[in-house]
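We're numbering straight along the sequence, starting at 1. Both backbone and side-chain heavy atoms feed into the values below; hydrogens, waters and symmetry mates do not.
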Amino acid sequence: LNQSFSLRCCRVPDRFPLSCAGATVEQFEEAKSRMSSLKQDPGNDVKLKIYALFKQSTLGPCTTPRPGMLDFINKAKWDAWKALGETPQEDARQQYCDLIGSLVSAEGGSVAAKPSGSASAQYETLLVTTEDKITTIKLNRPAKKNAITTVMYDEIVTALEQAGKDNSVLTVFTGAGDFYCSGNDLTNFTKIPDGGVELMAKQAGELLRKYVKAYIDFPKPLVAVVNGPAVGISVTALGLFDLVYATERATFHTPFSQLGQSAEGCSSYTFPKIMGNAKASEMLLFNKKLTAAQACDFGLVTEVFPDSSFNSEVWTRLKSYAALPPNSLALSKQLIRSTERERLHAVNDAEVELLVERWTSDECFTAIMNFFQSKAKL
């Protein structure tokens, strides 16, 4: 597929509309030209997504006949386009621009800001913008399924601190590409400092403690827009959000025992509170992966939306929320959180203490090595 699939898509039709929601024609054309500047191969899945979004943006939903079963390349491209269903062209154009922008930014390039928004800072692993009184923190490692590195942990804490002080009303978390977040980048555990595994575990524990604390103490309404599969810390932290909106194709997985680890993100407290002990144990102890519908039934997700209309429905709703009186929202959230803030900090401390012990154990080391070996065999 790598040899046969080109990043250069077909020419834009002459009857291309003059503007699109959130992204102008100039930005769409700019995204096309930026695509050719990519130095790294983003992988077949991402390239198929780019192709599909381009076709959906310029031609609308797929109506062409399905290629033959043996025409593997064109069948893969057709499947990717068809999977977008009835996604409106304007939504596809914005997603196309966002995806190309995230890939360029991940390689260290500059990305043009949205015309009505403002970039709050330059980050290596995030796209942070403020628009319509909403600060959006987008995890921006799409080629790595937004796996969280130590750098990303620090940047998210910084982004949350800035969002808590800016003039936005809401703060939104989402992911670039097809994944919300695949959890910890396990290469974090392969970088052993001079002080050995014990020092690595201690430093990782303090970073995690600071990271979770940033969610516990965040002063404004916090919304997760789960645009795809979520794993590990990206799932456990959802118990600290005020709203969680998910596309129907999202999944929620916390494979801690599989990796010889234990729960974090205050999930040992929030999950039983949200979904009951039995369902929480099924996730946190026995690696149960939930569909979006199941997560909604259990109370972890606020609402699930069709993938084809996910962005348009969610952002229309969020923009209406951002028009509400900001002080009322912030003070009401702080009142709700004040009843259990101390408990959450205590849970965070206990979880980190256990995880530091786990990270230095032979059991955890063996489980992680087995994971890497199984990946190498694929």
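Closest heavy-atom contact between G175 and K138: C-CG, 3.8 Å. Counting all heavy atoms, side chain and backbone alike, P142 lies closest to A176 at CB-O, 3.8 Å. Among all heavy-atom pairs drawn from G183 and S234, the shortest one is N-OG, 4.5 Å. The minimum heavy-atom distance between L335 and S338, with the atom names listed, is O-OG, 2.7 Å. Of all non-hydrogen atoms in A246 and F310, the two that sit nearest each other are C-CE1, 3.4 Å.
When side chains are defined from C-beta on, L285 does not count as touching S257, because their heavy atoms never get closer than 4.5 Å. Side-chain contact between W359 and I368 is absent, with no heavy atoms from C-beta onward closer than 4.5 Å. In this structure, the side chains of Y180 and T247 stay at 4.5 Å or more apart for every pair of heavy atoms. Between K333 and F218 there is a side-chain heavy-atom pair separated by less than 4.5 Å.
Residue pairs meeting the salt bridge (Lys or Arg N to Asp or Glu O under 4.0 Å) criterion with at least one partner in residues 222-239, sequence neighbours excluded, are absent. Within the structure, the side chain to side chain donor-acceptor pair (under 3.5 Å) test picks out the following pairs touching residues 271-283 (sequence neighbours left out): K273-E340. Within the structure, the salt bridge (Lys or Arg N to Asp or Glu O under 4.0 Å) test picks out no pair touching residues 290-300 (sequence neighbours left out). Among pairs with a residue in residues 276-298, none fulfils ring pair (Phe, Tyr, Trp, His ring centres under 6.0 Å), at least two apart in sequence or across chains. Residue pairs that meet the salt bridge (Lys or Arg N to Asp or Glu O under 4.0 Å) test with at least one member in residues 226-235, sequence neighbours left out, do not exist here. Here ring pair (Phe, Tyr, Trp, His ring centres under 6.0 Å) pairs that include residues 155-178, with residues two or more places apart or in two chains, are F173-Y215, F173-F241.
Both L208 and L240 are members of a single hydrophobic cluster when ILVMFWY side chains are connected at heavy-atom separations under 4.5 Å. Residues L222 and Y269 share a single hydrophobic cluster, defined by chaining ILVMFWY side chains whose heavy atoms lie under 4.5 Å apart. F305 and L243 fall within a single hydrophobic cluster, where Ile, Leu, Val, Met, Phe, Trp and Tyr are joined by side-chain heavy atoms under 4.5 Å apart, directly or via other members. No chain of hydrophobic side-chain contacts below 4.5 Å, direct or via other Ile, Leu, Val, Met, Phe, Trp or Tyr residues, connects F179 to I50. Hydrophobic clustering of Ile, Leu, Val, Met, Phe, Trp and Tyr side chains at less than 4.5 Å, counting indirect connections, unites I233 with M283.
Applying the side chain to side chain donor-acceptor pair (under 3.5 Å) test to K289 and every residue at least two apart in sequence or in another chain returns nothing. Remark: T174 pairs with N227 by the side chain to side chain donor-acceptor pair (under 3.5 Å) rule, at least two apart or across chains. Contacts of T125 classified as side chain to side chain donor-acceptor pair (under 3.5 Å), with partners at least two apart in sequence or in another chain: E155. When the side chain to side chain donor-acceptor pair (under 3.5 Å) test is applied to S268, the partners found at least two apart in sequence or on another chain are E351.
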Could you walk me through whether N348 and L344 pass the side chain to side chain contact (heavy atoms under 4.5 Å, CB included) test, one step at a time?
CA-CA 6 Å; N348 184 28; L344 290 171; over 6 Å; no
Taking it one step at a time, do Y153 and N184 satisfy side chain to side chain donor-acceptor pair (under 3.5 Å)?
CA-CA 10 Å; Y153 273 116; N184 272 309; 2.6 Å; yes
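Side chains of D166 and Q162: a donor-acceptor N/O pair is absent below 3.5 angstrom, by distance only.
To the nearest 0.5 angstrom, I137 atom CD1 is 9.0 Å from T130 atom OG1. Note that OG1 of T366 and CE of M369 are 9.0 Å apart. Values are rounded to the nearest 0.5 Å. Taking CZ from R209 and CD from E264, the interatomic distance works out to 13.5 Å, rounded to the nearest 0.5 Å. The distance from atom CE of M275 to atom OG1 of T270, rounded to the nearest 0.5 Å, is 7.5 Å. Of the inter-residue distances, the one linking Y211 atom OH with I148 atom CD1 reads 4.0 Å to the nearest 0.5 angstrom. Taken from CZ in R341 to CD in Q334, the straight-line distance is 7.0 Å, to the nearest 0.5 Å.
Residues K49 and D178 are paired through a salt bridge, judged by an N-O separation under 4.0 Å between the basic side chain and the carboxylate. A salt bridge is absent between D45 and K145; no separation between the charged side-chain nitrogens and carboxylate oxygens falls under 4.0 Å. Between R337 and D217, no side-chain nitrogen of the basic residue sits less than 4.0 Å from a carboxylate oxygen of the acidic one, so the salt-bridge criterion is not met.
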Check residues 318-330 and write down every donor-acceptor pair under 3.5 Å in which the side-chain atom is one partner and the other belongs to a residue at least two apart or another chain.
residue	atom	partner	partner atom	Å
S320	OG	R317	O	2.6
Y321	OH	Y245	OH	3.2

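Other residues, nucleotides and ligands contribute at most 12 non-hydrogen atoms within 6.0 Å of the NZ atom of K202. Around CD of E353, the count of heavy atoms belonging to other residues, nucleotides or ligands within 6.0 Å does not exceed 12.
L331 shares a hydrophobic cluster with no other residue; no ILVMFWY side chain has heavy atoms under 4.5 Å from its own.
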